[in-house]
Amino acid sequence: MPPAYTLKTAPGALPLLGHVHLLVRRPLDFVAGLSRHADVVRISLGRASAYVVCHPDLVHEVLTRHHVFDKGGPFFDKLRQDIGAGLASCPATQHRRQRRMLQPAFQRDRMAAYAAMMAHEIHQATRAWQHGQILDVPSATCRLTTAITARCLFSTGPQVYDIPVHAYMDEVNRGVARRVILPAWTGRLPTPANRRYQHAQQGLRQLTRLLAADYRSAAPDQPDLLSLLTAARDDDGRPLTDEEIHDQIVTFLLAGMESTAGVIAWALHLVGTHPDVREQIQAETDAVLGRRPATYDDLPALSTTQAVVNETLRLYPPGWLFTRTTTTDTELGGHRLPARAAIAYSPYLLHHRPDLYAHPAVFDPQRWHHGNPPAHAFIPFGAGPRRCIGATFGTTAAVLTLATLATRWELRPLPGHHARPALGASLAPHPFTMRLYDRGQSCPSAGRPKPGPASTVEEPEER
Ligand code: HEM
């Protein structure tokens, strides 16, 4: 064991409160500024402390040694009470078995089929859009990504849509974020919010029971997530219980829906407020797609759109702060850490370090054409054994959506309506609106050739 160094404490702590006031008042600035003080910085949360890891190599080490830096502590205890111990919340000892069982649903060879379903959902979500309409962007993207996740991973047929998955997930998402932060007893009070949460949980339970029963009687021949879950057997040959299947489904809907929706909403805002980038995307999609929707085979040719998605993930990584707990006394970067220490890492912090990214606050998709960022410095999907299982799925959905929209629609910001981060479990934007312009009609981007008439837009084929 190396000598015990005194870990540096971040400045600005108040008696009793510690750094809580800074975390509440300006969490992003506070966390992003920690790397100025040391590679591992202690912050005080009233009576408790946490250690924020600020150096990309040390973050990588934490994420790789996942049996020592495990998912645990009060946050995960509460989370597991609400959503069970599915893939995202289970401890390291259960992780390998679950990950091996679920990984086949996310193999690259599945993506082309998923992309076709995504294209279908993008068409469904935008078919009623009107020239000049004002759109609530985050709510539209959230509906879209819920439909995409539900259709690709859990559905062989339309029965999913008879149950309001989106409304229920929205309620569960907010409920989980609230319950993880507030004391446990507040969750038992008969408040309207708690009743809505219980109602949504029951609705989802009914949905997952129906889906599991359908799949058990006639599993599809493709390995989507639910067919893997219903076919899975433990070492004694027992299938997963309905409860375990439910926990995984809710985990995947929660993990996949808001993160991808947030990225698409931020990207639409950033593109709408950067006319030069908008023109570059339109030039790319006009050349590659014309008026047709984007497909899986188009992805390699959509490098500008991909760079916009990367840059959005850098500026606004949906998961901005994650926690771990040490399972034993250990050492990190020359510092001794005791067992049960609370450890935090923040993709937002690394993505905004000025020594890793020039002008980190500037939205500049071009930086992705000038080489890769330094090692371990770009981690919107985490790293190591617990790296996001849906990373390719999420980026494919985002690129296909942005490219397909750009073939026909221009989204313009409205005066006085700015997108601002709404910090909850994820770095999603507060509700904001934009105005839709059909590029085939009188579009504000004057002086550039307009694409063909709207009637040539094709309904994508569903595979
Ligand atoms: C752009 C969108 C997405 C982003 C930025 C994102 C980000 C992340 C991050 C940072 C982690 C690691 C968390 C940690 O270290 O504690 C993670 C894990 C996870 N994500 Fe995603 N995610 C996205 C989309 C998705 C999608 C679409 C799905 C599923 C459909 C998904 C399912 C999961 C699951 C199940 C885990 C836990 C993996 C494990 O522990 O083995 N995510 N995600």
Side-chain angles (χ1 to χ4, degrees), residues 78-89 102 105 117-118 120-121 124-125 136-182 186-215 224-226 229-230 240-262 264-265 318 390 393-394 397 422 424-426 428-431:
K78 279 197 193 173
L79 191 65
R80 285 175 195 143
Q81 274 171 21
D82 271 4
I83 64 161
L87 184 65
S89 51
L102 301 170
M117 295 186 226
M118 290 172 188
H120 175 79
E121 293 302 334
Q124 291 296 107
D136 173 348
V137 177
S139 127
T141 60
C142 209
R143 246 193 302 277
L144 170 64
T145 57
T146 308
I148 285 177
T149 314
R151 176 172 275 269
C152 291
L153 300 180
F154 310 121
S155 171
T156 49
Q159 73 272 34
V160 160
Y161 301 103
D162 296 338
I163 290 183
V165 187
H166 173 258
Y168 285 164
M169 282 314 298
D170 202 31
E171 204 55 67
V172 169
N173 206 4
R174 273 183 285 152
V176 168
R178 202 171 48 235
R179 292 157 71 93
V180 161
I181 294 166
L182 296 175
T186 61
R188 293 190 287 274
L189 295 175
T191 61
N194 283 339
R195 272 201 289 268
R196 283 197 308 272
Y197 175 78
Q198 299 300 350
H199 178 73
Q201 282 278 25
Q202 279 160 15
L204 286 175
R205 224 165 269 281
Q206 186 199 356
L207 165 74
T208 53
R209 260 199 303 269
L210 285 173
L211 282 173
D214 272 4
Y215 269 58
D224 71 0
L225 193 78
L226 191 50
L229 289 171
T230 48
L240 297 184
T241 62
D242 279 0
E243 192 65 21
E244 287 169 315
I245 291 179
H246 170 81
D247 289 350
Q248 294 292 5
I249 290 182
V250 171
T251 295
F252 277 85
L253 282 171
L254 276 178
M257 176 189 101
E258 191 175 287
S259 49
T260 316
I264 300 172
F393 187 96
S426 95
H430 271 294

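Values in this document were obtained by computation on a predicted structure and should not be read as measured data.
With a 4.5 Å cut-off on side-chain heavy atoms, M169 and L254 count as touching. When side chains are defined from C-beta on, L102 counts as touching F252, because their heavy atoms get closer than 4.5 Å. A 4.5 Å side-chain heavy-atom check between L229 and Y215 finds every atom pair outside the cut-off. Two residues are said to be in side-chain contact when any heavy atoms from C-beta on lie closer than 4.5 Å; I245 and L226 meet this criterion. Side-chain contact between E121 and R143 is absent, with no heavy atoms from C-beta onward closer than 4.5 Å. Under the 4.5 Å side-chain criterion, counting only non-hydrogen atoms from C-beta, E244 is in contact with T241.
Between L87 atom CG and D247 atom CG the span is 12.0 Å, to the nearest 0.5 Å. To the nearest 0.5 Å, atoms CG (D242) and CG (L210) are separated by 10.0 Å. To the nearest 0.5 angstrom, L144 atom CG is 12.0 Å from M257 atom CE. Between atom OG1 of residue T251 and atom CG of residue L79 there is a gap of 8.0 Å, rounded to the nearest 0.5 Å. The distance from the OG1 atom of T146 to the CZ atom of R151 is 13.5 Å, given to the nearest 0.5 Å. Here the CG-OG1 distance, from L225 to T149, works out to 10.5 Å after rounding to the nearest 0.5 Å.
Shown here for G394 and T260, the closest heavy-atom pair between the two residues is O-CG2, 3.6 Å. Nearest heavy atom pair, residue C152 against residue M118, reads SG-CG, 4.3 Å. Taking every heavy atom of both residues into account, T141 and I264 meet most closely at CG2-CG2, 3.8 Å. Closest approach of N194 to R188, counting heavy atoms only: ND2-N, 4.2 Å. When all heavy atoms of T230 and A212 are compared, the pair lying nearest together is CG2-O, 3.9 Å. Scanning both residues, A265 and P138, for their nearest heavy atoms gives CB-CA, 4.1 Å.
Contacts of R196 classified as salt bridge (Lys or Arg N to Asp or Glu O under 4.0 Å), with partners at least two apart in sequence or in another chain: E171. Applying the ring-ring contact (aromatic ring centres under 6.0 Å, His included) criterion to H430, with sequence neighbours excluded, gives no partner residue.
With hydrogens and angles ignored, the 3.5 Å screen pairs a side-chain donor or acceptor of S89 with a backbone N or O of G84.
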Q: Given side-chain contact (heavy atoms from CB on, under 4.5 Å), test Y168 with L207 step by step and report yes or no.
A: CA-CA 10 Å; Y168 285 164; L207 165 74; over 6 Å; no

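Taking the charged nitrogens against the carboxylate oxygens, K78 and D82 have no contact shorter than 4.0 Å, which rules out a salt bridge.
Applying the salt bridge (charged side-chain N to carboxylate O under 4.0 Å, His left out) rule to pairs touching residues 200-212 yields R205-E243, sequence neighbours excluded.
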